[in-house]
Amino acid sequence: MKYDFSAIEQKWQKYWAEHDSFKAVTGSPKPKFYALVEFPYPSGSGMHVGHIKAYSGLEVVSRKKRLQGYNVLFPIGFDAYGLPTENTAIKTGVHPRQVTDNNIAKFTSQLKKVGFSFDWSRVVDTTEEDYYKWTQWIFLKMFENGLVFRDKTLVNYCPSCKVVLSNEDSQGGKCDICHSNIVQKDKEVWYLRITEYADKLLQGLDEVDFLPNIKLQQENWIGKSVGAFVEFSIKEQDEKLRIYTTRPDTLYGVTFMVIAPEHPIIEKYRDSIANIDALDKYKEECSLKSEFERTQLVKDKTGVKIEGLTAINPLTGKEIPVYVADYVMMGYGTGAIMAVPAHDTRDYDFAKKFGIDIIEVIKGGDIEKEAYTGDGEMVNSGELNGITNKKDAIAKVLEVLKAKGVGEAGVQFKMKDWAFNRQRYWGEPIPIVHCPECGIVPVPYEELPLRLPPVENFQPGTDGESPLARIDDFVNCKCPKCGHDAKRETDTMPQWAGSSWYFLRYCDPNNDSALASKEALDYWMPVDWYNGGMEHVTRHLIYSRFWHKFLYDIDAVTSSEPYAKRTAQGLILGPDGVKMSKSRGNVVDPNDVVDEYGADVLRVYVLFMGDYEQAAPWSENSLKGCKRFLDRIWNMQDILTDGDEFSKELSAPLHRTIKKVSEDIEALKFNTAIASMMAFVNAVYEKGSINKAELKALITILNPFAPHMTEEMYSNIFGGILSEQAWAEYDEALCIEETVEVVVQLNGKVRAKMNIPADMSQDDMIKTALENETIKPMVEGKTIVKSIAVPKKLVNLVVK
RNA sequence: GCGGAUAUGGUGGAAUGGCAGACACGUCGGCUUCAGGUGCCGAUGGUAGCAAUACCGUGCAGGUUCAAGUCCUGUUAUCCGCACCA
């Protein structure tokens, strides 16, 4: 009886759909388990094997939890707003709505074909009105709470996509969407004040069970630094130059100051700066540099001294020259630094190049050669002299600064506020009206959703304006406050908006009076286990934690953190060991695999191919091995015997396998779980038969991995539905064989093996070892210095 | 520069400090087959040996231990993230 995967997979997929087999029930008295995977962006090219791996992990966990009696919420949806769809629309002339619908239909059919046990009644689509209504609602709540603001500063701009990007979206100076180089542009845009939540986002990490490197990446991204703000008077003006430093202890070593090219003090006093032309020219040069040049040519410091502004050291009263240089960024700290060349490598490079004095204030290095950033005794530092460590020196100097009223302790974050807009069509309209009388006015809540108007032409404007700006019906409106003629905001929200709260909507996807009911949130949240890609750790994962923490603060959700646990799967590389990409032509289409081998084989393979968290190359041959494994289990129907308890020979191996699979699934070690089932299968064929009780246990623990085949087998042999049965139990005591093989080592080298009862005492093990026929002659006439016995493992005799 | 991860056969990968290489792929040999991109059986880290067996072996160099892939110190390579963050 050959296994016809195609017919059987369709049969069971139909059954599950018709019977709502995986429907989560809000309020069920069973223990709840919320398993979340990152919902896909429905791209035109369809699913990628990476999606399959990403979803298969928690798919297995979910199916197992259901068998164990949990009420499992394992939802799916579509993060469908975004540029690729819009770009396809521009290229093909098909409306983004239509492109999105087509792509969602494609993804849905592909996901169903793999047999994922999603609750299909809870699908969310971020581009649907009754979904983005609540995205806009959250935005307005943030506005109401002062977390939305408009600012005109340098923004990251992608000239190719023609959009402003957040810091998170322009990592490494490249556009996250098209990978072109980012340029800096002066533009007024919307921001979300995520920095307000920097500390909370940092502290929240203590409460959650995230993989250590995920926590670390978030910590680094948030980038908290502890230091001090210090004010330097300007000699020529009634002005203070405020700087941020992490090393206030080196204040006596300051020999120059540096401000960013965009620092406002230059504009303010441009008339009294003698070399303003040179400064303007320098600023111009800097703005033309790409992010790439600015970061790659690190070693070569450039700058211009300001003629006409001189700073005064607040502790010594000494005059200090002020330079403009692009190694100081306007976006961090105050855009101005005190430079201590003796103890900072960048300042050192700059001082060497410009011939500025270098004053040592901490002993321990050789400042003739390089900057010394270590600890040591303070010198040349007035009241700080003699202090021998940084911590005490900082404490002391802060005391002095405070007493003089010229400085105080402070913290800074690397994370910047979230540039929250796209000058494009396919996104959530920002619910704001610009009124000539009242200024910025939020759209009233009762007018939500503010619908995205249909358009014919969704080409982005050449002037950096959104296509929405060309739709008069949309743009022209009345001010909700005063009724005056006003104009709507025409930017849309960035890609990440809809995904920042989708996991909440799953709890109660059809609610039209709230983003989700309190009852549903209270029941399901927080997410028990969230799995996704590492690439989202400093984007979506931070953004959504921020939104959730905000919603918690306004009492819209019931838990302070959205995700109790977060893991990440490794990439699937191409067969050539390199990341899959269309241009390399090494992409594997999961559809082809399902058609040729069946969904169960695909599912087993993506989990067996290696450590789930590690990247691994695709291998067609290994895939065949998984097919062989499943076929061997299917063929057990030919060697099946009666029996309602485990046979003597297979009892211990089976108990061990159940234990191993149960534990490994929870630990994300699917590869070893599958390996242990393979080993059991080998044991069965060695014995030549398997009884019904044993087969039932085997297909139960295999069910989460290969649900179609195991359902069919269960139905054939036992009648009934396997996914409605209970998980197989194991007995710890029965995992152990009665007799075990242990090795006997002499001086750490294996010399003999012996079969002994598993529960033999350590003394008896040594005694038995000494009487062993191989060992006995080898130790005769020698002294036994030491003997170690490890139960069930080994005996080691140290002889001389 | 900073931070992180990884390093084990021909390959993917297993190993609470306790027989390194589970499991799988590949390869070789055999059986079944008209045939095989099927199925089954056996072998498979390296070196030496007909063999029993011996020695060597987890990037490299040390150390701790009865015992180290695993712990400690140092070091190299690769990959990833951040990056003139004051």
Side-chain angles (χ1 to χ4, degrees), chain A residues 2 171-173 212-214 216-217 219-221 223-225 227-228 243-247 250 257-258 260 291 294-302 325-329 331-340 344-347 349-350 373 412-416 534-535 537-538 570-571 573 577 579 605 608-611 613-626 628-629 631-632 635 660 669 671-682 685 741-753 784-799:
Chain A
K2 201 168 152 36
Q171 298 184 22
N213 57 333
I214 293 180
L216 202 67
Q217 258 195 48
E219 276 167 23
N220 289 343
W221 188 257
K224 183 174 182 170
S225 100
I243 62 100
Y244 176 73
T245 179
T246 54
R247 297 297 304 272
T250 60
M257 314 281 289
V258 184
E291 187 83 11
R294 227 170 137 155
T295 53
Q296 293 304 306
L297 306 172
V298 185
K299 288 182 189 85
D300 205 22
K301 295 275 183 296
T302 61
D326 67 352
Y327 81 89
V328 172
M329 308 289 155
Y332 185 79
T334 62
I337 62 158
M338 61 177 217
V340 186
D344 180 284
T345 49
R346 289 151 307 167
D347 298 345
D349 293 344
F350 193 88
T373 54
Q412 276 296 303
F413 296 96
K414 267 199 244 183
M415 187 167 68
K416 291 179 193 167
M534 281 308 287
E535 69 275 18
V537 166
T538 52
L571 288 178
L573 305 173
K579 191 173 167 175
Y605 174 59
F608 180 66
M609 61 195 302
D611 186 332
E613 297 173 42
Q614 229 53 56
W618 184 267
S619 157
E620 185 87 12
N621 279 328
S622 293
L623 185 70
K624 286 177 192 162
C626 293
R628 219 168 280 162
F629 162 63
D631 283 345
R632 274 156 70 84
N635 292 333
K660 179 88 179 138
K669 294 199 165 293
N671 55 336
T672 49
I674 294 168
S676 70
M677 287 187 279
M678 287 175 168
F680 179 73
V681 168
N682 291 342
Y685 277 97
E741 190 187 66
V742 301
V743 298
V744 183
Q745 298 181 334
L746 284 187
N747 295 334
K749 286 209 162 131
V750 179
R751 294 300 174 188
K753 297 185 179 185
I784 294 169
V785 184
K786 192 166 182 176
S787 47
I788 298 107
V790 181
K792 288 172 242 160
K793 296 279 186 196
L794 58 62
V795 174
N796 188 15
L797 303 169
V798 184
V799 295

Notebook entry, point to check: For atom C1', what is the distance between B:C82 and B:U65, given to the nearest Å?
Noted result: 40 Å
Next item on the list: Would you indicate what A:Q745 reaches in the nucleic acid, counting non-hydrogen atoms under 4.0 angstrom: base, sugar-phosphate, or nothing?
Entry: base
Next item on the list: With heavy atoms under 4.0 Å as the rule, sort A:A615 into base, sugar-phosphate or nothing.
Entry: sugar-phosphate
Check: Is A:S619 touching bases, backbone alone, or none of the nucleic acid, heavy atoms closer than 4.0 Å?
Finding: nothing
Notebook entry, point to check: How many Å lie between CG on A:L573 and C1' on B:C80, as a whole number?
Noted result: 12 Å
Checklist line | For atom CH2 of A:W221 and atom C1' of B:A83, their distance in whole Å | finding: 10 Å
Check: Considering only B:C19, B:G12, B:C84, which nucleotide approaches the side chain of A:E741 most closely?
Finding: B:C19
Check: In terms of side-chain heavy atoms of A:M329, which of B:C84, B:C82, B:G26 is nearest?
Finding: B:C84
Notebook entry, point to check: On RNA chain B, nearest-nucleotide positions of A:G333 versus A:G748: which is more 5'?
Noted result: A:G748
Next item on the list: Looking only at side-chain atoms of A:A675, point me to the closest of B:A22, B:G3, B:U16.
Entry: B:A22
Next item on the list: Could you check whether A:N621 gets within reach of a base, just the sugar-phosphate, or nothing at all, counting any heavy atom under 4.0 Å?
Entry: sugar-phosphate
Next item on the list: Let me know, please, whether A:K660 or A:S622 comes out on the 5' side of the other along RNA chain B by nearest nucleotide.
Entry: A:K660
Check: Looking at B:G3, B:A15, B:G81, which one has an atom nearest to any side-chain atom of A:Q217?
Finding: B:G81
Note to self: I want to verify a distance call: between B:C66, B:A86, B:C19, whose nearest atom is closest to the A:V328 side chain?
What the structure shows: B:A86
Notebook entry, point to check: On a whole-Å scale, what distance lies between the C1' atoms belonging to B:G42 and B:A5?
Noted result: 40 Å
Margin query: Considering every strand and a 4.0 Å limit on heavy-atom distances, what is the contact class for A:V798: base, sugar-phosphate, or nothing?
Written below: sugar-phosphate
Check: Which base sits across from B:C34 as a Watson-Crick or G-U pair, both distances under 3.5 Å?
Finding: none
Margin query: Measuring only the P atom in each nucleotide, how far is B:U64 from B:U53? A whole number of Å is fine.
Written below: 33 Å
Anything under 3.5 Å between a protein N or O and an N or O of nucleotides 53-58 of chain B, put it in a table, one pair a line.
unit_1, atom_1, unit_2, atom_2, d
B:A54, OP1, A:R751, NH1, 3.4

Note to self: Going by the glycosidic torsion and a 90 degree boundary from 0, is the base of B:G36 oriented syn or anti?
What the structure shows: anti
Next item on the list: Determine the contact category for A:D611: base if any of its heavy atoms lies under 4.0 Å from a base atom, sugar-phosphate if only primed atoms, P, OP1 or OP2 are that close, otherwise nothing.
Entry: sugar-phosphate
Note to self: So A:N682, base contact, sugar-phosphate only, or nothing? Heavy-atom distance under 4.0 Å.
What the structure shows: sugar-phosphate
Margin query: Please classify the nucleic acid contact of A:G223 as base, sugar-phosphate, or nothing, using heavy-atom distances under 4.0 Å.
Written below: nothing
Checklist line | Candidates B:G26, B:G18, B:C23 - which lies nearest the side chain of A:R628 | finding: B:G26
Next item on the list: Quick one: look up who B:U27 pairs with, Watson-Crick or G-U, both distances under 3.5 Å, and put none if it's unpaired.
Entry: B:A43
Notebook entry, point to check: When all nucleic acid strands are considered with a 4.0 Å heavy-atom cut-off, which category describes A:N671: base, sugar-phosphate, or nothing?
Noted result: sugar-phosphate
Next item on the list: Scan A:K624 against the nucleic acid and name what it touches under 4.0 Å (heavy atoms): base, sugar-phosphate only, or nothing.
Entry: nothing
Notebook entry, point to check: Across all strands shown, which nucleotide pairs with B:G62 by Watson-Crick or G-U wobble geometry, both distances under 3.5 Å?
Noted result: B:C72
Check: Base, sugar-phosphate, or nothing: which does A:L216 touch, judged by heavy atoms less than 4.0 Å apart?
Finding: sugar-phosphate
Note to self: Using atom P in both nucleotides, what's the gap between B:A54 and B:G3 to the nearest angstrom?
What the structure shows: 48 Å
Item checked: Identified pairing partner of B:U53, criterion: Watson-Crick or G-U wobble below 3.5 Å -> B:A48
Note to self: Categorize A:F608 for me: base, sugar-phosphate, or nothing, with a 4.0 angstrom heavy-atom threshold over every strand shown.
What the structure shows: base
Check: Do A:S225 and A:Y244 get their side chains close enough for a donor-acceptor pair, meaning under 3.5 Å?
Finding: yes
